[in-house]
There are 2 protein chains.
Amino acid sequence: MITLTEENYIKAIFHLGKQGSVTVSTNALAEAMNTKASSATDMIKKLAEKNYANYKKYQGVSLTADGKRVAVNIIRKHRLWEVFLVDKLNFTWDQVHDVAEQLEHIKSQKLIDELDAFLDFPTHDPHGDPIPDKQGKFEHVEKTSLSNAKEGVSYVCVGVNDSSVDFLKYLDNNAIALGTVIKVLHKEPFDHSIKIKIDGKELMVSQTVGKNLFLKEA
Amino acid sequence: MITLTEENYIKAIFHLGKQGSVTVSTNALAEAMNTKASSATDMIKKLAEKNYANYKKYQGVSLTADGKRVAVNIIRKHRLWEVFLVDKLNFTWDQVHDVAEQLEHIKSQKLIDELDAFLDFPTHDPHGDPIPDKQGKFEHVEKTSLSNAKEGVSYVCVGVNDSSVDFLKYLDNNAIALGTVIKVLHKEPFDHSIKIKIDGKELMVSQTVGKNLFLKEA
DNA sequence: ATAATTGTTTAGAGCGGTCTAAAAATAAGC
DNA sequence: GCTTATTTTTAGACCGCTCTAAACAATTAT
Ligand SMILES: [Mn+2]
Ligand SMILES: [Mn+2]
Ligand SMILES: [Mn+2]
Ligand SMILES: [Mn+2]
């Protein structure tokens with residue numbers, strides 16, 4: 001039996017540590033979970049005890065094969081629910097995250113299998129993130145951040161690194177969505193801001209935006 | 001802020017006490033919640049403290065107006081999710097309850113409003129129970145139990161008093177579903193078993209079945 | 001290499017929910 | 001009415017998860 005809180009910690013370790021294989025520091029985990037380091041330590045011990053995590057004192061934490069399986073399954077549920085909310089219930093991409101955080105913990109194998117079929121086996125969620133299949137296989141998404149894109153080249157927007165309401169609404173306001181074609185006009189060395197062209201209109205974006213927008217060559 | 005456990009207790013008080021207005025005993029509540037009387041007492045105190053329940057020591061518990069609102073909202077969510085599972089995800093009426101018990105606690109007003117619309121504002125769940133509308137209004141279902149039905153009269157099945165897997169599968173096996181026409185042939189005084197006719201075929205059912213099957217005159 | 005800083009773990013406590021065992025109140029039997 | 005049985009409440013404990021404060025380990029600076 002695995003608790004909702006344990007699932008959330010496992011997911012956080014997975015995301016912080018590049019699929020859970022890289023070691024994650026206690027402070028980083030606490031920060032991500034909005035708790036204190038002492039709470040993170042307690043949970044890490046428990047996860048290690050239950051064989052979801054590898055842990056040596058002062059050496060950080062990573063996921064075992066079991067832990068990775070749990071993480072992938074939760075991510076699969078999270079992203080399938082996000083697709084459901086957008087495709088069927090008229091949610092916008094900035095409205096789905098909080099609800100999906102709750103729905104991802106519903107326990108029913110049939111539910112998630114049927115939902116997957118009902119949605120026609122989607123491969124990506126509303127933010128462009130890949131949805132693991134029933135076996136936990138991820139489709140790797142080829143992508144570069146806008147910050148690493150080359151001047152003069154045209155790209156397609158394929159994802160975001162930050163699913164916060166503020167960032168997603170900023171993108172909406174500037175007509176940037178998944179599939180939008182973006183041409184990189186100029187990268188300013190001084191403050192790393194970037195001039196881009198979208199649908200004929202020029203736009204200046206900050207370094208922060210550049211780092212959080214994922215593209216692939218058009 | 002109201003916890004998942006509080007919500008479940010409130011719902012139980014509502015169901016045990018005829019919409020929460022009749023007083024419910026500590027033992028009955030503990031029994032329904034699969035806990036001990038001492039746990040029920042603790043929770044009753046907390047609910048009274050939060051103004052969801054009326055409570056005087058040794059006098060049982062009932063719901064306040066606030067408590068009733070909470071209960072009705074959870075029931076609404078529970079039943080809408082049940083409809084979703086059956087109508088959209090190929091669940092059978094005996095498979096929905098456990099999952100709905102989890103889904104009913106998801107917190108999002110938009111989610112439930114959109115789900116309601118997506119399902120085309122259903123008025124009854126897969127077990128024939130009425131779904132409260134957004135304002136909490138129940139449509140009253142006119143019904144008698146099969147045990148109270150009159151010999152020689154034809155009825156339509158409109159609901160069940162017991163949504164357990166065993167009972168629902170029994171009904172499936174005997175071709176009894178919502179909408180099925182049932183004629184009462186004979187009520188045996190000795191053991192209160194009942195001979196009925198369904199689709200031309202005669203069937204003998206026990207008193208237990210009679211008490212758990214709701215009908216209305218055809 | 002020693003000192004200072006930063007990162008991590010432990011100690012001890014609190015809250016929500018559960019339990020068992022025992023005390024108190026109510027209901028039933030005679 | 002008094003006694004017994006039943007119901008309900010209290011007392012004290014435990015588990016999961018959180019916190020603050022303090023101890024300890026690792027890293028960085030001088
Ligand atoms: Mn999300
Ligand atoms: Mn997403
Ligand atoms: Mn149900
Ligand atoms: Mn139902």
Side-chain angles (χ1 to χ4, degrees), chain A residues 1-14 16-17 20 22-63 66-67 70-71 74 101-102 104-107, chain B residues 1-14 16-17 20 22-63 66-67 70-71 74 101-102 104-107:
Chain A
M1 199 241 31
I2 186 164
T3 71
L4 183 149
T5 312
E6 287 166 355
E7 289 186 342
N8 282 332
Y9 272 93
I10 289 173
K11 189 174 55 144
I13 296 169
F14 185 89
L16 290 171
V22 174
T23 219
V24 172
S25 78
T26 303
N27 268 354
L29 183 56
E31 159 85 21
M33 293 300 298
N34 280 306
T35 59
K36 297 303 164 79
S38 52
S39 303
T41 299
D42 284 351
M43 181 55 76
I44 289 168
K45 283 185 194 166
K46 190 155 53 123
L47 294 179
E49 182 63 37
K50 292 189 174 186
N51 275 305
Y52 293 122
N54 308 116
Y55 173 56
K56 280 208 275 322
K57 271 194 193 181
Y58 295 99
Q59 300 309 124
V61 64
S62 64
L63 294 181
D66 262 26
V70 170
I74 297 181
E101 282 295 316
Q102 301 176 61
E104 70 188 1
H105 301 289
I106 303 292
K107 283 165 182 50
Chain B
M1 202 241 31
I2 186 164
T3 71
L4 182 149
T5 312
E6 287 167 353
E7 289 185 342
N8 282 332
Y9 271 93
I10 288 173
K11 189 173 57 145
I13 297 169
F14 185 90
L16 290 171
V22 174
T23 218
V24 172
S25 79
T26 303
N27 268 355
L29 183 55
E31 160 84 22
M33 293 302 298
N34 281 306
T35 59
K36 296 303 163 76
S38 52
S39 303
T41 300
D42 284 351
M43 181 55 76
I44 290 168
K45 282 184 192 165
K46 190 154 56 122
L47 294 179
E49 182 62 37
K50 292 189 173 185
N51 275 304
Y52 293 122
N54 308 116
Y55 173 55
K56 280 207 273 325
K57 272 193 192 182
Y58 296 98
Q59 300 310 124
V61 63
S62 63
L63 293 181
D66 262 27
V70 170
I74 296 182
E101 283 295 315
Q102 302 176 60
E104 71 189 359
H105 301 289
I106 303 292
K107 283 165 181 52

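Naming convention: chains lettered A, B, ... in sequence-line order (proteins, then strands); numbering from 1 in each chain. From a predicted model like this one, the values you see are computed outputs, not experimental measurements.
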B:Ser39 side-chain proximity, nearest of C:dT9, D:dG16, C:dC19: C:dC19
Out of D:dG16, C:dC19, D:dT8, whichever nucleotide has its closest atom nearest the side chain of B:Asp42: C:dC19
Evaluate the side-chain contact (heavy atoms from CB on, under 4.5 Å) criterion for residues A:Phe14 and A:Leu63: first the C-alpha distance (whole Å), next the side-chain angles of each, then the deciding distance (0.1 Å), finally the verdict. CA-CA 7 Å; A:Phe14 185 89; A:Leu63 294 181; 3.8 Å; yes
Side chain of B:Tyr9 only, heavy atoms from C-beta on: which candidate in C:dT8, C:dT10, C:dT18 is closest? C:dT18
Residues touching DNA chain C, which here means a heavy atom under 4.0 Å, drawn from residues 31-38 of chain A: A:Ala37, A:Ser38
A:Met43 CE to C:dT9 P: how many Å, rounded? 14 Å
Tell me the interatomic distance from A:Tyr58, atom OH, to C:dT9, atom C1', rounded to whole angstroms. 5 Å
Write down the distance between CG (A:Leu29) and P (C:dT8), rounded to a whole number of angstrom. 10 Å
I'd like to know if the side chain of A:Lys50 and the backbone of A:Met1 have a donor-acceptor N/O pair within less than 3.5 Å. yes
To the nearest Å, how far apart are B:Asn27 CG and C:dA25 P? 18 Å
Please report the distance, rounded to the nearest Å, between NZ in B:Lys56 and P in D:dT8. 16 Å
Do B:Asn8 and B:Met33 have side chains that approach each other closer than 4.5 Å (heavy atoms only, starting at C-beta)? yes
Separation of atom CG in A:Asn8 from atom C1' in D:dG16, rounded to whole Å: 14 Å
Close side-chain approach of A:Val61 to A:Ile13, heavy-atom, < 4.5 Å: yes
With a non-hydrogen cut-off below 4.0 angstrom, is B:Thr41 in contact with a base, only sugar-phosphate, or nothing? base
Measure from CD1 on B:Ile2 to P on C:dC15 and round the result to the nearest Å. 19 Å
Ignoring the backbone of B:Thr3, work out which of D:dC24, D:dT9, C:dG16 is nearest its side chain. C:dG16
A:Lys57 side chain near D:dA26 phosphate (N/O to OP1/OP2, under 4.0 Å): no
Quick check: does any side chain N or O of A:Thr23 sit under 3.5 Å from a backbone N or O of A:Gln59, one acting as donor and the other as acceptor? yes
Side chains of B:Ile2 and B:Tyr52: closer than 4.5 Å at any heavy-atom pair? yes
State, with a plain yes or no, whether a side-chain heavy atom of A:Glu101 is found less than 4.5 Å away from one of A:Glu104. yes
Output the rounded distance in Å from CD (B:Gln59) to C1' (C:dA27). 12 Å
